[in-house]
Undergrad: 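Got a structure here, written out as structure tokens. Questions coming.
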There are 2 protein chains.
Amino acid sequence: MASGRTHRPATRSRGIPEATVARLPLYLRALTGLSERSVPTVSSEELAAAAGVNSAKLRKDFSYLGSYGTRGVGYDVEYLVYQISRELGLTQDWPVVIVGIGNLGAALANYGGFASRGFRVAALIDADPAMAGKQVAGIAVQHSDGLEKIISDNGVSIGVITTPPSVAQQVCDRLVAAGVTSILNFAPTVLSVPDGVDVRKVDLSIELQILAFHEQRKAGEEAALNEAAALAAPVGRADSTDQGPDGDVPAVMPA
Amino acid sequence: MASGRTHRPATRSRGIPEATVARLPLYLRALTGLSERSVPTVSSEELAAAAGVNSAKLRKDFSYLGSYGTRGVGYDVEYLVYQISRELGLTQDWPVVIVGIGNLGAALANYGGFASRGFRVAALIDADPAMAGKQVAGIAVQHSDGLEKIISDNGVSIGVITTPPSVAQQVCDRLVAAGVTSILNFAPTVLSVPDGVDVRKVDLSIELQILAFHEQRKAGEEAALNEAAALAAPVGRADSTDQGPDGDVPAVMPA
DNA sequence: ATGTCTTTGTGAACGCGTGCACAAAGATGG
DNA sequence: CCATCTTTGTGCACGCGTTCACAAAGACAT
Ligand SMILES: NC(=O)c1ccc[n+]([C@@H]2O[C@H](COP(=O)([O-])OP(=O)(O)OC[C@H]3O[C@@H](n4cnc5c(N)ncnc54)[C@H](O)[C@@H]3O)[C@@H](O)[C@H]2O)c1
Ligand SMILES: NC(=O)c1ccc[n+]([C@@H]2O[C@H](COP(=O)([O-])OP(=O)(O)OC[C@H]3O[C@@H](n4cnc5c(N)ncnc54)[C@H](O)[C@@H]3O)[C@@H](O)[C@H]2O)c1
């Protein structure tokens, strides 16, 4: 998606659609909860409700993995946990490195949910010499000079970037050059990577802006409703680009 | 999507597709960068490259907002910044509350990028009496007893949940009852909310599992390639459910 | 063994999102 | 004022994802 000219099918690996892959962890979480309560089987309806999806969608998702259900009964919880875990690659251990141990990096390092599913924090890396040697979540922070060696020694293929955005691309480049092929990026930057490297981004700011959009829309609808109720006559101002409290549209944004 | 029977069109507000809304913040970020460097205009090609998207997609996205470009020239940067900001509702201030000031909540509170775009941390809320009164990021943490009053006093409509998953639903319910209509959830839980309330979730664990899936696929492909090169004869074991190092499929997951 | 009843697995239709390709618009130079 | 050239805005086709609806499969009771 970045510099790619080869147009790889991206995710139609051997059939499993990307949308399905993104939901498998959701199912797995729901199933784990059932497993802990020793529930032996679940119907697609029950499991779908627990995962917050449509039951037909869930069945179709599972159909990509194979026919693991029993008609008239449902799915065997333990068996399904195993199958999904295997499909997601969680039966093996994935060492990850976190680069940039600031507010967010430290929070992630302290996050217990990390280790719960095959992910192991192999190293914490920071460029600040003052950070080197400090213990965060029981792990000594290492200086970024040794990044390449750390990655190759531990066989790390997944990297998490929590540095300031200004250095995210160069950190990314070093990670990729050292052998990392999957990156989870928390910095608000568009990373470009060579083909064969996957990047996923988590962007708090974008999430908030999307919420704000819908929030504004909701407020606008309500206002329009009240307005319409108050004065039943149509307004007929300019064209259809009415946008609530804004009168006209200046050519330049105020400061 | 939760308890909804009314089947609201969800996001086709007055035409802007959800996928477009999700990209607007991306464009806005790229445009802000250009604005800071005093670039007066950009072509769709340049801006698309900066935002990491297809230029045709970008032009179509902008066409939903109106005809803000000039053919043969491109788009006026400042004007577009303003239009997108307005469309996203960023010309007004959005007070937000963060509930659950632990590792993650504190990191978010300290995050500078919050305030940069109309979002203001109105309050930090935690259930732990020991936290109450403590300063985090220059803001005093308040006990969750006062949650309802805080929200109504400040006109908060956006809430961020960073509590443990076990209490996320009840926190959510209180937020919604108090008037919050948009929630950003960091707890690994499926929240159910009434119609009219938007929920977005950020789930680190899911992101990592998706990366692990692709990582495993990449490793599998490589292995299959090597294997095919080594012995050119087809294997012909059982059915087509070959999955690399796993021999057979046990009916129950090992411990 | 046979019938009933539950639940899966999937064919088919539909809608959304993406990207190509091009006509129209307008700037720019002569 | 006209020609040329750049770049937008969009019609169109295609593929992916979602959902409905139902036949087939199998458990379970009799
Ligand atoms: N804190 C949040 O809640 C939050 C939310 C959303 C996004 N983000 C983004 O996450 C990133 C980190 O945020 P933060 O609040 O933790 O910032 P921070 O300043 O607290 O931490 C950044 C850390 O990265 C280290 N660093 C700088 N350059 C480095 C390099 N070249 N190699 C390795 N380490 C380096 C710094 O020493 C520092 O420890 C930022 O890009 C921020 O925009 C943070
Ligand atoms: N830390 C991470 O990097 C990370 C990553 C992904 C997801 N998460 C999720 O984010 C959430 C928070 O993680 P954390 O590491 O900050 O946990 P944490 O235990 O450090 O913080 C949780 C905070 O919530 C407060 N709390 C508990 N019940 C509450 C209630 N009813 N009302 C208000 N506050 C309450 C606790 O007092 C505590 O301060 C968890 O659900 C976790 O699974 C965290």
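Proteins get letters first, then strands, A, B, ... in listed order; numbering begins at 1 in each. Note that this is a predicted model, so its numbers are computed, not measured.
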Undergrad: Between P on dT8(C) and CD on E46(A), what's the gap in Å once rounded to a whole number?
TA: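 The answer, rounded to whole Å, is 9 Å.
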
Undergrad: Using atom CZ of R23(B) as one end and atom C1' of dG17(C) as the other, report the distance to the nearest whole Å.
TA: 8 Å

Undergrad: Kindly indicate whether the side chain of K60(B) and the base of dG19(C) share any N or O donor-acceptor pair separated by less than 3.5 Å?
TA: yes

Undergrad: Closest approach to the side chain of K57(A), judged atom by atom: which nucleotide of dT10(C), dA21(C), dT18(D) is it?
TA: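 Of dT10(C), dA21(C), dT18(D), dT18(D) is nearest to the side chain of K57(A).
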
Undergrad: May I have the distance from E18(A) (atom CD) to dT18(C) (atom P), rounded to whole angstrom?
TA: 14 Å

Undergrad: Can the ring centres of F62(A) and Y68(A) be said to be less than 6.0 Å apart?
TA: no

Undergrad: Rounded off to whole Å, could you give me the CG-to-P distance for the D61(A) and dT8(C) pair?
TA: 14 Å

Undergrad: Indicate yes or no: at least one non-hydrogen side-chain atom of E207(A) is less than 4.5 angstrom from one of P25(B).
TA: no

Undergrad: What nucleic acid atoms does Y75(A) come within less than 4.0 Å of, heavy atoms only: base, sugar-phosphate, or nothing?
TA: sugar-phosphate

Undergrad: E45(B) has an atom CD; how far is it from atom P of dC20(C), in whole Å?
TA: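 From E45(B) CD to dC20(C) P: 10 Å.
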
Undergrad: Could you please spell out the steps behind the side chain to side chain contact (heavy atoms under 4.5 Å, CB included) verdict for I183(A) and R200(A)?
TA: CA-CA 6 Å; I183(A) 288 176; R200(A) 295 191 67 87; over 6 Å; no

Undergrad: On DNA chain D, does the nearest nucleotide to R59(A) precede the nearest nucleotide to G72(A) from the 5' side, or the other way round? Give the residue.
TA: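 Upstream on the strand: R59(A).
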
Undergrad: For Y68(B) and dT10(D), what is the distance between atoms OH and C1' respectively, to the nearest whole Å?
TA: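 After rounding, the reported distance stands at 17 Å.
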
Undergrad: In plain terms, say whether R29(B) and D203(A) are close enough for a salt bridge, that is, a side-chain N and a carboxylate O under 4.0 Å apart.
TA: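 The answer is yes: the pair qualifies as a salt bridge.
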
Undergrad: Is the phosphate of dC20(C), meaning OP1 or OP2, less than 4.0 Å from a side-chain N or O of N54(B)?
TA: yes

Undergrad: Confirm from the modelled atom types if R71(A) and dT7(C) form a donor-acceptor pair under 3.5 Å, side chain to base only.
TA: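 Per atom types, no contact qualifies.
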
Undergrad: Counting just side-chain N and O atoms, does S44(B) come under 4.0 Å of either OP1 or OP2 of dT8(D)?
TA: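 For dT8(D), OP1 or OP2 has a side-chain N or O of S44(B) closer than 4.0 Å.
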
Undergrad: Got a donor-acceptor contact below 3.5 angstrom from the S35(B) side chain to the L31(B) backbone?
TA: no

Undergrad: Rounded to the Å, how far apart are L58(A) CG and dT10(C) P?
TA: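 From L58(A) CG to dT10(C) P: 14 Å.
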
Undergrad: For the helix from dA1(C)-dT30(D) to dG30(C)-dC1(D), how many degrees between its two end axes (five pairs per end), to the nearest 10°?
TA: 10°

Undergrad: Given atom CG of L65(A) and atom P of dG9(C), what is their separation to the nearest angstrom?
TA: 10 Å

Undergrad: Taking the side chain as every heavy atom from C-beta outward, state whether S43(B) and L47(B) have any atom pair closer than 4.5 Å.
TA: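 Of all side-chain heavy-atom pairs linking L47(B) with S43(B), none is under 4.5 Å.
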
Undergrad: When you measure from the side chain of T70(A), which nucleotide among dG26(D), dG9(C), dG26(C) comes out closest?
TA: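 Selected nucleotide (nearest to the side chain): dG26(D).
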
Undergrad: Could you check whether any side-chain heavy atom of I158(A) comes within less than 4.5 Å of a side-chain heavy atom of T181(A), counting everything from C-beta outward?
TA: no

